[in-house]
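Residue numbers start from 1 in every chain, and the chains themselves are labelled A, B, ... in the order their sequence lines are given, proteins ahead of strands.
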2 protein chains.
Amino acid sequence: MRSSHAADQIRHFRRHEHLARKEEVQDKVFRIEEGWACRYCLLADGRRQITALFLPGDYCEPQWLLAGRSDLPVIALTEVKVTEMPLAGIHAKPGDGVMKLLAGVVKTLNRQTDWIVSLGRKSATERVGSLLSELYARLREINRVMGDRCTIPLTQQDIADIVGLTPVHVNRVLGDLRQRGLVQFSGKTLVVPHPEELSMVAAAA
Amino acid sequence: MRSSHAADQIRHFRRHEHLARKEEVQDKVFRIEEGWACRYCLLADGRRQITALFLPGDYCEPQWLLAGRSDLPVIALTEVKVTEMPLAGIHAKPGDGVMKLLAGVVKTLNRQTDWIVSLGRKSATERVGSLLSELYARLREINRVMGDRCTIPLTQQDIADIVGLTPVHVNRVLGDLRQRGLVQFSGKTLVVPHPEELSMVAAAA
DNA sequence: CGGATCCTTGAGTGGGCTCAAAATTAGTGG
DNA sequence: CCACTAATTTTGAGCCCACTCAAGGATCCG
């Protein structure tokens, strides 16, 4: 059974185009069909922190159902194709759809909790290791890992804004992980020969 | 109208007693009546990161309604008095109670987003400033600020585990804020003479 | 083929860490 | 209420991880 119905609209965004602005009324939720997007916060002096990543299959942002508005801006990291799910339609037909969105909220919450642990208590290498490990696992869940190979369409600047480091240091850490044979990461292609070894350096609980 | 009903039970926890263990089935949600508690994550080598704070009036943890289980342990930071809200009762009588819990999930989510920004992109002084600013505001909402004075029952070790620093450095930062006249913080009593000035050093968006 | 974006590397600096010990406060049992 | 112990706060000295500044190379795209 398809969870989408007649009212749902397909929509495209170009790279760096906003899916939502800061503190904006939202009368719909997106489901990402293709491409990556992120929620971010821009401080007064230009520092940027990415606070959520949206990959194909993810809802963006399920909590708009409850809040009716966005808190932080959401921007496309690549070309993005989404399905628009009008909140009116969801409210009118409660049931399965609502539960899926609420499950999405909880998933987002748990991912953010992990990020807090990472940012608060892990070293640079552990943070980057955690991130690549998480992304590899998420891509695997949606069948985007071929063999031990997948596509991570993030610039090193993007990665820096996720793990709270400078792009220069991210570059050095990636070089280090590469040299230790834990990952190969050239262009946008990530290869993880031994996922278990990578999650070892990610310093799990 | 009281949102609690006959099935709700009052319960007490001593300081350092667990309200929930890691990955445990939960058939109830707590509402904090008195005292402070926190969710935390313990890494293999002993590093601790606090990922949520629960103050009087907060639900702990509303997402258990949706997940049916706890992900991370929750521990009492002080003596704590809670109301137990059985999930069975909530499911049986959906409506207002459910909505309040869902609003609680969104509130938790937004607070965690702010913490990510703080941990990822702010300096030590900004992080401590943000935290004190947030706590002052939350305590004010629940009428726990008398004049410009309130009680923060956290040790400097606790604060360190929230803002991702060492207790030694937290001590130095607090000393600095005190010297600059932004806060007075001795014993467990926090005084904020000029809340606006404090939120200035917190580096808002 | 030209321009912009992104990646890489080097050299030097500094914010927050570690280690250590003393001073203060809080907690406990007699 | 006091003595004793444990927990917490404070301060000093020195170090290191990640940052800044800077320049050159690679890659992408029109």
Side-chain angles (χ1 to χ4, degrees), chain A residues 14-16 36 43 45-49 75-79 118-132 151-179 183-190 201 203, chain B residues 14-17 36 43 45-50 75-79 118-132 151-179 183-190 201 203:
Chain A
R14 287 187 306 274
R15 183 160 125 100
H16 293 165
W36 292 32
L43 298 188
D45 60 359
R47 286 174 286 182
R48 183 178 75 147
Q49 177 66 42
I75 204 172
L77 291 166
T78 65
E79 289 245 329
S118 206
L119 290 166
R121 288 303 182 201
K122 292 188 187 174
S123 70
T125 306
E126 290 168 338
R127 289 187 214 175
V128 175
S130 296
L131 177 64
L132 295 183
T151 300
I152 307 277
L154 299 173
T155 66
Q156 294 184 4
Q157 177 67 257
D158 292 332
I159 295 177
D161 289 340
I162 296 168
V163 296
L165 300 168
T166 55
V168 173
H169 199 60
V170 165
N171 183 273
R172 294 192 223 272
V173 169
L174 285 175
D176 183 50
L177 291 176
R178 196 180 312 151
Q179 221 162 9
V183 301
Q184 293 153 48
F185 194 14
S186 58
K188 299 296 172 227
T189 301
L190 171 72
V201 311
Chain B
R14 288 188 305 275
R15 183 161 125 101
H16 293 166
E17 196 177 351
W36 291 33
L43 298 188
D45 60 359
R47 283 174 287 181
R48 183 177 74 147
Q49 176 65 43
I50 292 177
I75 204 171
L77 291 166
T78 66
E79 289 244 329
S118 206
L119 291 166
R121 287 304 182 200
K122 292 188 187 174
S123 71
T125 305
E126 290 169 337
R127 289 187 214 177
V128 174
S130 296
L131 176 65
L132 295 182
T151 300
I152 307 277
L154 299 173
T155 67
Q156 295 183 5
Q157 176 67 257
D158 293 332
I159 296 177
D161 289 341
I162 295 168
V163 297
L165 299 168
T166 55
V168 173
H169 200 60
V170 166
N171 184 276
R172 294 193 222 272
V173 169
L174 285 174
D176 183 50
L177 291 177
R178 195 179 313 150
Q179 223 163 8
V183 300
Q184 293 153 49
F185 194 14
S186 58
K188 298 297 172 228
T189 301
L190 172 72
V201 311

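Nearest heavy-atom pair across B:Leu43 and A:Ala203 is CD2-O, 3.8 Å. Here the shortest heavy-atom pairing between B:Thr78 and B:Pro153 reads CG2-CB, 3.4 Å.
For D:dT9, the OP1/OP2 oxygens have no side-chain nitrogen or oxygen of B:Asn171 closer than 4.0 Å. OP1 or OP2 of D:dA18 has not a single side-chain nitrogen or oxygen of A:Thr166 nearer than 4.0 Å. Taking side-chain N and O atoms only, B:Lys188 has a distance below 4.0 Å to OP1 or OP2 of D:dT9. OP1 or OP2 of C:dT8 lies within a sub-4.0 Å distance of a side-chain N or O belonging to A:Gln156.
With rounding to whole Å, A:Arg14 atom CZ is found 15 Å from D:dC29 atom P. Note: NE2 (A:His169) to P (C:dG16) measures 15 Å, nearest angstrom. In this structure, CD of B:Gln157 is placed 15 Å from C1' of D:dA6, rounded to the nearest angstrom. D:dT27 atom P lies 15 Å from atom CZ of A:Phe185, rounded to whole Å. Look at CZ on B:Arg172: it is 18 Å from P on C:dG14, rounded to the nearest Å. Between the CG atom of A:Asp176 and the C1' atom of C:dT9 there is a distance of 15 Å, rounded to whole Å. Look at NZ on B:Lys122: it is 17 Å from P on D:dC19, rounded to the nearest Å. Residue A:His16 contributes atom NE2, which lies 12 Å from atom P of D:dC29 at whole-angstrom precision.
If A:Gly187 and A:Leu165 are placed on DNA chain D by their nearest nucleotide, the residue sitting closer to the 5' end is A:Leu165. In terms of position on DNA chain C, the residue among B:Ser123 and A:Arg178 whose nearest nucleotide sits closer to the 5' end is A:Arg178.
Between C:dC17 and C:dT13, the two C1' atoms lie 16 Å apart (nearest whole Å). Comparing the same atom, C1', in D:dC19 and in D:dC15 gives a spacing of 16 Å after rounding to whole Å.
By the 4.5 Å heavy-atom criterion applied to side chains, B:Leu174 and B:Arg178 are counted as neighbours.
Judged by distance alone, with hydrogens and angles left aside, B:Arg127 brings no side-chain donor or acceptor close enough to the base of C:dG16 to form a pair under 3.5 Å.
Interatomic distance, A:Arg172 CZ to A:Asp176 CG, rounded to the nearest 0.5 Å: 11.5 Å.
Judged by distance alone, with hydrogens and angles left aside, the side-chain atoms of B:Arg121 form no donor-acceptor pair with the main-chain N or O of A:Arg47 at under 3.5 Å.
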